[in-house]
2 protein chains.
Amino acid sequence: MAKPVVREAARRRRRPTRSGTVLSEEIIVGTALRVLREHGSTGLTARRLGAALGADPSTLYRYFAGMDDLTRAIGDELMGRALEGWTATGDWRADLRALGRAIHASYLAHPQAAVLTASRVTGRPREIAVDETILGILRGAGLADAVAVGVYHAFIDQSLAFAALDAGSLALTEEARTGDEEMWRSTYARLPAESHPNIAATAELLARRMPHSAYPMALEMLLDHAAARVARSGT
Amino acid sequence: MAKPVVREAARRRRRPTRSGTVLSEEIIVGTALRVLREHGSTGLTARRLGAALGADPSTLYRYFAGMDDLTRAIGDELMGRALEGWTATGDWRADLRALGRAIHASYLAHPQAAVLTASRVTGRPREIAVDETILGILRGAGLADAVAVGVYHAFIDQSLAFAALDAGSLALTEEARTGDEEMWRSTYARLPAESHPNIAATAELLARRMPHSAYPMALEMLLDHAAARVARSGT
DNA sequence: AAGGTAAGGTCAACCCTGTTGGCATAAGAG
DNA sequence: CTCTTATGCCAACAGGGTTGACCTTACCTT
């Protein structure tokens, strides 16, 4: 690595780019989110981001080790925003539900960015803060460590996995205006009842439900499971 | 599109490539799976696949509209394999559990391919066959259509979402031998107890559990939920 | 069996991508 | 005020998907 990246905290000199803007990790990540929204999940390129920042593409390598490193920073930003829009109440079940929805919503607020990042563990500070919070809620509810870790694992993986999946269709819909509901109606509703009796019988219900996320339902299932464990540990 | 793709069924002439092999969608998809396994989830390129097939990269465009189209065909292949390794017994709960595990296992058998495809709905024939099967199991169990569609939605999305997530770490581990468990131990176990008391208290449990999939647990939660609905509908 | 049609393999070229080494310049330390 | 060096810029590299033109040969028709 000929050009070692300087940590944001240790950054001293702030030299403006040719177009006048002064860069920072924060500004770069924010601009990357905008570029992703405008150009789709595959539209974030070093050249395009450089142009959006008014800087040479290679300048990015002064702030991130590569596009992959930048991608993880974007993911951490979404995690951070999820935690910002959440406050503890003391009711573990309500808190966990709210946190799950906050994570899901934070990623879905930037579907194109979520597609890139949601299926990756970043190991960055704000993701770790979320993990700490979840474990705190579960242990605070009275679950034994082993059980808390199990529920935590299912919770975070489920939240991220659904965020990635749901963001995928959302981003796709916005990129190519195919209309997902239309796809369901056009593809699935046309299947003959002889070969696909079950799809044919439920085509209308499918078309109405599939464009929406199954995450809320999965989240409630997880909360039910956790509640059962909490009740058992209480006796 | 100057070169319209000929549907596989309508393909008449089978002209061997320069190196002698005769192409087909099946051979291309199979070779793509091999290339993915050998070169990682980002290692499937038109040029590399062409070389592996002993054909010019542009030949691929006679069979698929583009790399994206090929990607969806790969995903459908994995779905097809999942359904092949599954047989109905008549016990809805056992059948659904087995099918979920078959889907999950089929994708994880090709982690690099799964990363590319699991977060996408292909709308291709074998994916539709899986959907039809799931709905058949649930309706056969006696669930009302609206409930069956809801459980189906959660089931298929959960299975695909976890497949994508789990494949991600699996593919990553195989690509860059970083060792995911090591990452957990090195990053999370080092956090000071003052700032991260809950992670610190459960670090060992986390390191042991996080490298494994949370899908089995999530699947059982879904089956419990479905069983409750079946019981209610029976009364 | 001969001939025509076009499917399908090949080639060269296009513009895109991430990334890097060398260079220029100005910010901030002393 | 000077010096160091962080930081922005430039040019270039290898490799990516994709396409239009070309050629060859498998197959259908006669």
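Residue numbers start from 1 in every chain, and the chains themselves are labelled A, B, ... in the order their sequence lines are given, proteins ahead of strands. All figures in this text were calculated on a predicted structure; none of them were measured in a lab.
When each of D:dT18, C:dT20, D:dG8 is scored by its nearest atom to the side-chain atoms of B:Met67, the top-ranked nucleotide is D:dT18. Which of C:dT25, D:dC9, C:dG18 sits closest to the side chain of A:Ala55 comes down to D:dC9. In this structure, of C:dG9, C:dG18, C:dC11, it is C:dC11 that holds the atom nearest to the side chain of B:Ser58.
Going from atom CD1 of A:Ile28 over to atom C1' of D:dG8 covers 12 Å, rounded to whole Å. One interatomic measurement links the two molecules: CG of A:Leu23 to C1' of D:dC9, which rounds to 12 Å at whole-angstrom precision. A straight line from OH of A:Tyr61 to C1' of D:dA12 spans 14 Å, rounded to a whole angstrom. The distance from atom CG of B:Asp56 to atom C1' of D:dA21 is 13 Å, rounded to the nearest whole Å. Atom NE2 in B:His39 sits about 14 Å away from atom C1' in D:dG15, given to the nearest Å. For A:Asp68 and C:dT19, the CG to C1' distance is 13 Å, given to the nearest whole Å. One atom, CG of A:Leu49, and another, C1' of C:dG18, lie 13 Å apart when rounded to the nearest Å. Atom CG in B:Leu60 sits about 13 Å away from atom P in D:dT19, given to the nearest Å.
Qualifying side chain to side chain contact (heavy atoms under 4.5 Å, CB included) partners for A:Ala200, counting only residues two or more places apart in sequence or in other chains: A:Ala193. A:Arg97 is linked by a side chain to side chain contact (heavy atoms under 4.5 Å, CB included) to A:Arg93, A:Arg101, A:Leu219, A:Glu220, A:Leu223, counting only residues two or more places apart in sequence or in another chain. Taking A:Tyr107 as the reference, nothing meets the side-chain hydrogen bond (donor to acceptor under 3.5 Å, both in side chains) condition, with sequence neighbours excluded. Scanning for side chain to side chain contact (heavy atoms under 4.5 Å, CB included) contacts around B:Val149 gives A:Thr202, A:Leu205, A:Leu206, A:Arg209, B:Leu135, with sequence neighbours left out.
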At a cut-off of 3.5 Å, list every protein nitrogen or oxygen paired with a nitrogen or oxygen from nucleotides 14-17 of chain C, distance to 0.1 Å.
| unit_1 | atom_1 | unit_2 | atom_2 | d |
| --- | --- | --- | --- | --- |
| C:dT17 | OP1 | A:Thr45 | OG1 | 3.2 |

Using the 3.5 Å cut-off, write out each protein N or O paired with an N or O of nucleotides 2-5 of chain D and the distance between them.
| unit_1 | atom_1 | unit_2 | atom_2 | d |
| --- | --- | --- | --- | --- |
| D:dT4 | O2 | A:Arg13 | NH2 | 3.3 |
| D:dT5 | O2 | A:Arg13 | NH1 | 2.3 |

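Using a distance-only test at 3.5 Å, with no hydrogens or angles considered, a donor-acceptor pair links the side chain of B:Arg48 to the main chain of B:Gly43.
For residues 68-82 of chain A, the pairs satisfying side chain to side chain donor-acceptor pair (under 3.5 Å) are A:Asp68-A:Arg120, A:Asp69-A:Arg72, A:Glu77-A:Arg81, A:Glu77-A:Arg126, A:Arg81-A:His110, with sequence neighbours left out. Each salt bridge (charged side-chain N to carboxylate O under 4.0 Å, His left out) pair with one or both residues in residues 19-31 of chain B, not counting sequence neighbours, would appear here, but there are none. Pairs of residues two or more places apart, or lying in two chains, never qualify as salt bridge (charged side-chain N to carboxylate O under 4.0 Å, His left out) while including a residue from residues 159-168 of chain A.
At least one side-chain nitrogen or oxygen of A:Tyr63 sits closer than 4.0 Å to the OP1 or OP2 atom of D:dG8. Under 4.0 angstrom from either OP1 or OP2 of D:dG8 there lies no side-chain N or O belonging to A:Thr17.
Taking 3.5 Å as the limit, the base of D:dG8 and the side chain of A:Arg62 contain a donor-acceptor pair of atoms between them.
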Taking it one step at a time, do A:Thr122 and A:Thr117 satisfy side chain to side chain contact (heavy atoms under 4.5 Å, CB included)?
CA-CA 8 Å; A:Thr122 70; A:Thr117 64; 6.0 Å; no
